[in-house]
Structure formats: C-alpha cells, structure tokens
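Right, one structure below, let's go through it.
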Amino acid sequence: MPSQTVARYTPVARLLHWTTAVLVLATIPMGFVLLDLPPGRLQNTLFDVHRSIGVLLFVLVAVRLAWRLTHPPPPLPAGVPAWQHLASAAVHHLLYAILLIQPIIGWWGTSAFGAPINVFWLFELPALVGKDEPTAKQILAWHGIIGITLSVAIAIHIGAALFHHFVRRDGVLRRML
Ligand code: HEM
Ligand code: HEM
C-alpha cells in the first residue's frame, strides 16, 4: 500500500547505503574501461581513482557492518513472502562479502604486479606481496570474475527494489529512502 507508513533504516544506515551505492556504481565501470584505454595519463589517473575508491569502500563497508550489527534493520513489511526474505538476505550477505573481499584482492593483485597504490594522492599502501607478474595476472583475473558477480548481484538487488516499489508497492524501498 503506497500510503502505508513504514519503519525506516536509521539515517546513518541510509547515508552509508547511498554513499556505498554511488561509489560502487562509479568504480565498477571504471574498472571495466580502464584496461581498454591506451597507456598514459588518463589511464593512470583512472587506476588511481579506481583503487582509491576501492580502499575507501572497504573502510565504509567495515563501518557499515559494525553499524548494522549493532542496529538491527526495521522488519520487512507484512506480506513479503518467506522466499523473498531468504533471497534478500542471501543477496545482502553476498554484497557485503564481495565488497570486503574485492578491495583486498585488488590490493593483493596490484602489489604482485608491482604498481603503487596511491590513495587519493594522500598516502601509499604498502605492498602485500613481492612482485610476481604471472601471479598478479591470475589474481586480477579473479578480481574481474568477482567484479562481474558483483554486477549481477547489484542488478538483482536494484531490480528487486524497483519491483517492490513499482509493482508490489509495499514500502520496502521507502525504508531505505
Ligand atoms: C569494491 C571495490 C572494487 C571493485 C567493485 C572493483 C571492481 C573492478 C572491476 C569490475 C574491474 C574490471 C575487471 C576486468 O575487466 O577484468 C577492476 C579492475 C581492476 N581493479 Fe578493481 N575493484 C575494486 C577495488 C580495487 C582495489 C582496492 C584495487 C587496488 C588496490 C583494484 C585494482 C584493480 C586493478 C589493478 C584492475 C585491472 C585488472 C587487470 O589488470 O586485469 N580494484 N576492478
Ligand atoms: C549499487 C550498489 C548498491 C549496493 C552495494 C547495495 C547494498 C545493499 C545492502 C548490503 C543492503 C542490506 C542492508 C542491510 O544490511 O539490511 C541494501 C539494502 C537495500 N538497498 Fe541497496 N545497494 C545498492 C544500490 C541500491 C539501489 C540503487 C537501490 C534502489 C533502487 C537500493 C535499495 C535498497 C533497499 C530498498 C534496501 C533495503 C532492503 C531490505 O531491507 O530488504 N540499493 N543494499
């Protein structure tokens, strides 16, 4: 019911959700296009921005999880079927897991590649491992596979949010607005 009042996520949870969403939606396409660019200044800058956003996301998601564990979300509206409770929990767990693992894999692969990780031109992250290009290629291939998995999970997540809002009109999206 569109006019029904719904219990919402806390303002902090909403702020963290939408900040994460904007950063993730910026950094994924950046990851996919930067390899197609010719080597040079633009590619290097995009690499720096992609890695910096990735590092920031790791910190934000860690803070968000700490907040989430101490502030349980509002209950889903009555009438949401049990399978949708399960499906949303599964996708949310997957999103959190990938957003924590992906930056570490990026850091690991970049270290093995021997490239510096310049975080917003403020400081450099230390290398996690020594230079080893064949290993770097394998690790970064996993970074790509995980990036595609994340994109699919986000498409399902956004599709579900829009389905609840425009088709079922049950207030699920308004809990996060
Ligand atoms: C949540 C954070 C991140 C997401 C969602 C993400 C996503 C992606 C995606 C989708 C690609 C394209 C992969 C491909 O075309 O095969 C990519 C490429 C890349 N990312 Fe990330 N990334 C994140 C964090 C990081 C971090 C923290 C670093 C390094 C510190 C990093 C380093 C790289 C590198 C070096 C590539 C190029 C891969 C290659 O050479 O094959 N990423 N990233
Ligand atoms: C693009 C990156 C996005 C990521 C990584 C993301 C991630 C998440 C995560 C992890 C949760 C679970 C919150 C919890 O712990 O309870 C969540 C909830 C939610 N998200 Fe997103 N989200 C993104 C984009 C969006 C967009 C674009 C929309 C709307 C169109 C949206 C709508 C919602 C809604 C309505 C909830 C609450 C769902 C519920 O409690 O069942 N999200 N999001």
Side-chain angles (χ1 to χ4, degrees), residues 1-37 46-47 49-109 120 139-177:
M1 235 140 310
S3 57
Q4 184 186 323
T5 50
V6 286
R8 291 198 290 167
Y9 278 84
T10 61
V12 173
R14 281 181 268 144
L15 179 70
L16 288 169
H17 175 270
W18 292 110
T19 315
T20 313
V22 169
L23 293 176
V24 169
L25 291 178
T27 208
I28 290 180
M30 230 182 265
F32 284 123
V33 299
L34 46 81
L35 287 177
D36 295 329
L37 293 172
L46 272 191
F47 261 122
V49 175
H50 174 81
R51 293 167 184 153
S52 300
I53 294 180
V55 173
L56 177 60
L57 271 168
F58 179 82
V59 176
L60 271 179
V61 173
V63 170
R64 194 172 158 191
L65 271 176
W67 184 266
R68 170 68 160 83
L69 293 174
T70 48
H71 299 78
L76 281 168
V80 173
W83 74 267
Q84 287 181 12
H85 282 255
L86 280 176
S88 85
V91 173
H92 294 163
H93 278 88
L94 182 68
L95 288 169
Y96 281 130
I98 290 184
L99 290 175
L100 285 179
I101 291 166
Q102 184 73 334
I104 295 171
I105 297 201
W107 183 4
W108 184 18
F120 293 113
I139 299 167
L140 290 172
W142 277 104
H143 192 73
I145 292 167
I146 296 171
I148 292 168
T149 312
L150 175 63
S151 309
V152 172
I154 289 174
I156 294 172
H157 178 67
I158 296 178
L162 297 179
F163 173 77
H164 279 284
H165 194 66
F166 291 110
V167 180
R168 290 187 55 111
R169 299 179 179 216
D170 56 10
V172 165
L173 179 57
R174 274 184 289 131
R175 294 154 73 245
M176 196 45 106
L177 295 179

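Because the structure is a prediction, the values reported are computed rather than measured.
If you take CD1 on Ile101 and CZ on Phe58, they are separated by 10.0 Å, rounding to the nearest 0.5 Å. Taken to the nearest 0.5 Å, the CG atom of Leu15 stands 9.0 Å off from the CG atom of Leu60. Rounded to the nearest 0.5 Å, atoms CG (Leu162) and NE2 (His157) are 9.5 Å apart. Atoms CG and CD1, on Leu99 and Ile154 in that order, are 6.5 Å from each other to the nearest 0.5 Å. Between atom CG of residue Leu23 and atom CD1 of residue Ile53 there is a gap of 6.0 Å, rounded to the nearest 0.5 Å. Here the CD1-CD1 distance, from Ile105 to Ile146, works out to 3.5 Å after rounding to the nearest 0.5 Å.
In plain terms, the two heavy atoms of Ile148 and Phe32 that are nearest each other are CG1-CZ, 3.9 Å. Across all their heavy atoms, Ile98 and Pro103 have their closest contact at O-CD, 4.1 Å. Contact detail for Arg168 and Gly79: the closest heavy-atom pair is NH2-O, 3.0 Å. What you find for Leu35 and Phe47 is that their closest heavy atoms are CD2-CZ, 4.1 Å. Nearest heavy atom pair, residue Ser151 against residue Ile28, reads OG-CG2, 3.7 Å. Scanning all heavy atoms of the two residues, the minimum distance from Asp170 to Pro77 falls at O-CG, 3.1 Å.
Every side chain to side chain contact (heavy atoms under 4.5 Å, CB included) that Pro74 has, sequence neighbours left out, goes to Ala7, Tyr9, Arg175. Listed by chain and residue number, His143 satisfy the side chain to side chain contact (heavy atoms under 4.5 Å, CB included) test with Leu140 (two or more places apart in sequence, or in another chain). For His85, the side chain to side chain contact (heavy atoms under 4.5 Å, CB included) test picks out Leu76, Val80, with sequence neighbours left out.
Counting only distance, with no hydrogens or angles, the side chain of Thr27 and the backbone of Val24 share no donor-acceptor pair below 3.5 Å. Side-chain atoms of His71 come within 3.5 Å of backbone atoms of Trp67 as a donor-acceptor pair (strictly under, hydrogens ignored). The closest donor-acceptor contact from the side chain of His93 to the backbone of Ala89 lies under 3.5 Å.
Side-chain contact between His92 and Arg68: absent, with no pair of heavy atoms (C-beta onward) separated by less than 4.5 Å. Inter-residue side-chain proximity for Met176 and Arg14 is flagged as met; some heavy-atom pair is nearer than 4.5 Å. Counting heavy atoms from C-beta outward, Leu173 and His164 have side chains that stay 4.5 Å or more apart.
Residue Tyr96 is tested with Thr20, Val91, Leu65 for a side chain to side chain contact (heavy atoms under 4.5 Å, CB included); the sole match is Leu65.
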